[in-house]
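The structure appears right after this line, and notes come after that.
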Amino acid sequence: MADKMINLTLKVWRQKSKNAEGSFSTYSVNKVSTDASFLEMIDQLNQELIQKGDDPIAFDHDCREGICGSCGFMINGSAHGPLKSTTVCQLHMRNFSDGEVLTVEPWRSSAFPLIKDLMVDRTAFDRIVKSGGYISVNAGNAPDGNAVLVPKPDADEAFANAACIGCGACVASCKNGSAALFTSAKLVHLSSLPQGKVEGDKRALNMVAQMDQEGFGACSTTGSCSAACPKDISLVSIAKLNRAFLKASLNKKPEVKGGEAG
Amino acid sequence: MSGFLSSSVGKKYLMGLTGLVWAGFVFGHMAGNMTIFVSPDLYNQYGHAIVSNKILLYGTEAALILSLLVHVGLAINLTISNRSSKGIASSVKASGSKRTPLAAQTMIIQGTILLAFIILHLITFKYGEYYETTIDGVKMRDLARLMSEVFSQPPAVAGYVISLLLLCAHLKHGFGSVFQSLGLLHPSYQGKIKAASWAYAIVVTIGFISQPLYVYMMS
Ligand code: HEM
Ligand code: FES
C-alpha cells in the first residue's frame with residue numbers, strides 16, 4: 001500500500017458540556033496516513049492531546065464500518081464530509097489534500113442537545129421509533145419461506161428504507177433541522193410489509209406527532225437530507241410519509257373510551 | 001382534522017395547495033396577457049370579459065385572497081418554527097453535492113418580495129388610473145393604455161423583470177416541492193419533476209417578462 005502522508009489543520013468545535021460556552025480550537029495534525037479513516041485521524045490527534053495533558057476531542061463511534069449509525073459530524077459544513085453515501089468512519093483521508101483546513105462541527109439541531117464537543121444526544125430518534133417504529137403483532141416463530149407473500153418491489157422498498165442507521169445526518173444537513181427523512185424511512189420500512197400494514201395508520205399519526213413534539217422542523221424539500229444520507233434514503237419516502245399521514249388523519253376513528261380492548 | 005392542520009406535515013399540505021392555487025393563477029394570468037401581442041384592443045376585450053363575469057371574478061379573487069393569506073401566514077409560522085428547530089446553524093455552509101440549493105434556502109425572502117410586488121402591482125393596475133375606450137360599440141377599461149404608460153418607464157420595467165426572476169426561483173423550487181408535500185412523489189417520475197419544474201418556471205417567467213419588454217419597446 002502506497003500510504004502517503006498529509007498534514008492538515010483542523011478547526012474543531014470544543015464544548016465541555018451542554019450548557020458550557022463552546023468555541024473552535026485550531027489544531028495541526030501532521031503525518032496523517034491517507035489510508036486512515038477520518039476517525040483514525042482524530043484518534044491520532046487525540047493521542048497527541050492526551051500526551052500533552054489536554055482533554056481529547058469527544059466524538060461518538062462504535063462499529064467503524066458504516067453500519068451502526070453512531071458516528072457523524074459536519075466537515076466543512078457537509079454532514080459526514082464531502083463524499084456521498086458514506087459515514088465519517090468510512091471516509092478516508094485520501095479524499096483530502098495536504099495542507100487542507102477542515103472545520104469540524106457537531107450536528108446542529110435543537111432536538112439534538114450537545115453532550116460534549118462533537119457528541120450530541122440523539123435520543124429524540126429513539127423516542128420517535130418508540131412512538132410507532134415497531135410491529136406489535138406477535139409474529140411467532142420464523143414463518144415458512146413463502147407463507148407470507150411479499151411482492152419484490154415492496155420487499156426492495158422495505159429493505160432500502162431499513163438501511164437507515166439513524167445517524168442523524170439528515171437532521172444535521174437540513175436548514176430546518178427536520179427529521180422527516182429519518183421518520184419516513186422508519187415508517188416506510190414497516191408499512192411496506194404485510195405485517196406492518198396493520199398498524200400503518202396509528203404508526204403514521206404517532207410518529208409524526210412525536211417528531212413534531214421533539215422539536216424537529218418541517219420539510220422544505222431542499223433535498224440536503226437525502227444528499228447527505230450515508231444510506232441514500234430517497235425523498236420519495238418523505239412523500240410516502242406525508243401521504244400515510246393524510247390517509248391516517250382522514251381514517252382516524254374516535255378513541256375507544258373505557259379501558260383496553262380485550 | 002385539527003391535529004392534521006397543526007402538524008408539520010399538515011401545514012405543508014396547506015402550503016402546497018395554496019401555492020398551487022397561485023401557481024395555476026400565474027400561469028393563466030401570463031397566458032391571458034399574451035393577447036397584448038395580438039393587439040391592445042384584444043387585450044382590453046380579454047380584460048373586459050373577465051371583469052364582466054362577476055361569478056368568475058369574485059370566485060377567483062376570493063380563492064386567491066384566501067390562499068395568499070394562508071400561504072403567507074404559514075410561511076411566517078414555518079420559517080420561525082423551522083429556525084428555532086435548527087437552533088444554531090453550522091458555521092460553514094456545505095459546498096458540492098451536499099449543498100442546499102439557493103432557491104430552496106431563500107423561499108421566505110423571495111416570497112416577501114413577491115408579496116410586496118403583488119400589492120404594488122394591484123395598486124398600479126387594478127386600482128390605477130381608469131381610462132376608458134370603446135371597442136365595437138362596447139365601453140370598457142383601456143388597460144392597454146395604462147400598461148403602455150407604466151412600461152414606458154425603464155425603472156418600472158426593471159422592477160418587473162427583477163420580481164419575475166424571483167417568481168421564477170419561487171416557482172422552480174415550489175413546483176418541485178409541492179409533489180413531495182402533497183405525498184405525490186413517485187420513483188417513476190421523480191427524475192422528471194426537476195425538469196418539469198424548471199420548464200414550468202421558465203415558461204411563466206419568460207412569458208411574463210416578454211410583456212412589459214414588448215410594451216416598452218413599442219412605446
Ligand atoms: C405568486 C405567488 C406565489 C406562488 C405561486 C407561490 C408558490 C409556492 C409553492 C408552489 C410553494 C411550495 C409549497 C411546498 O413546499 O409544498 C411555495 C412555498 C413557499 N412560499 Fe410561496 N408562493 C407565492 C407567494 C408567496 C409569498 C407572498 C410568500 C411569503 C411571504 C411565500 C412564501 C413561501 C415560503 C416561505 C415557501 C416555502 C415553505 C417551506 O419552506 O416549506 N410565497 N410557494
Ligand atoms: S461508527 Fe458505526 S457507522 Fe460510523
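Throughout, a chain's letter reflects where its sequence line sits, starting with A, and its residues are numbered from 1.
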Would you give the length of the straight line joining atom [atom1] of [X] to atom [atom2] of [Y], rounded to the nearest 0.5 angstrom?
| X | Y | atom1 | atom2 | value |
| --- | --- | --- | --- | --- |
| A:Glu214 | B:Ser85 | CD | OG | 11.5 Å |
| A:Thr221 | B:Phe179 | OG1 | CZ | 12.0 Å |
| A:Asn76 | B:Ser91 | CG | OG | 9.0 Å |
| A:Phe216 | B:Asn82 | CZ | CG | 13.0 Å |
| B:Thr79 | A:Lys175 | OG1 | NZ | 6.5 Å |
| B:Gln180 | A:Ser237 | CD | OG | 9.5 Å |

Query raised in the report: Hey, which of B:Ser181, B:Ser81, B:Gly96 has the most heavy atom pairs under 4.5 Å with chain A?
Result: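 Most heavy-atom pairs within the cutoff with chain A belong to B:Ser181.
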**Report entry** Selection from B:Gly176, B:Ser177, B:Ala103 maximising heavy-atom pairs under 4.5 Å formed with chain A
**Finding:**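 If we count pairs closer than 4.5 Å to chain A, B:Ser177 comes out on top.
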Query raised in the report: Any chance the side chains of A:Thr222 and B:Gln105 put a donor and an acceptor closer than 3.5 Å?
Result: no
Query raised in the report: Does the side chain of B:Ser7 pick up a donor-acceptor pair with the side chain of A:Asp212 at under 3.5 Å?
Result: no
Grab the two heavy atoms, one from [X] and one from [Y], that are nearest each other, plus how far apart they are.
| X | Y | answer |
| --- | --- | --- |
| B:Lys86 | A:Cys174 | NZ-O, 3.0 Å |
| A:Arg243 | B:Gly183 | NH1-O, 2.7 Å |
| B:Lys12 | A:Ala218 | CG-CB, 4.5 Å |
| B:Ala94 | A:Ser78 | CB-OG, 3.4 Å |

Requested in this report: Have a look at B:Val92 and tell me which of A:Ile75, A:Leu102, A:Thr103 forms a side chain to side chain contact (heavy atoms under 4.5 Å, CB included) with it.
Outcome: A:Thr103
Requested in this report: Kindly determine whether A:Asn242 and B:Leu182 satisfy side chain to side chain contact (heavy atoms under 4.5 Å, CB included), including the steps that lead there.
Outcome: CA-CA 7 Å; A:Asn242 292 356; B:Leu182 303 183; over 6 Å; no
Requested in this report: Answer yes or no: are there more than 12 heavy-atom neighbours, outside B:Lys54 itself, under 6.0 Å from its atom NZ?
Outcome: yes
Requested in this report: Step by step, work out the side chain to side chain contact (heavy atoms under 4.5 Å, CB included) result for A:Ser220 and B:Met107.
Outcome: CA-CA 9 Å; A:Ser220 287; B:Met107 288 297 271; over 6 Å; no
Report task. Report yes if the side chains of A:Pro82 and B:Lys98 come closer than 4.5 Å at any heavy-atom pair, otherwise no. Result ->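 When only atoms from C-beta onward are counted, B:Lys98 and A:Pro82 do not touch, as no gap falls below 4.5 Å.
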Query raised in the report: Taking the six-membered ring for Trp, are the ring centroids of B:Tyr13 and A:Phe245 within less than 6.0 Å of each other?
Result: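 No, ring centres 6.0 Å or more apart.
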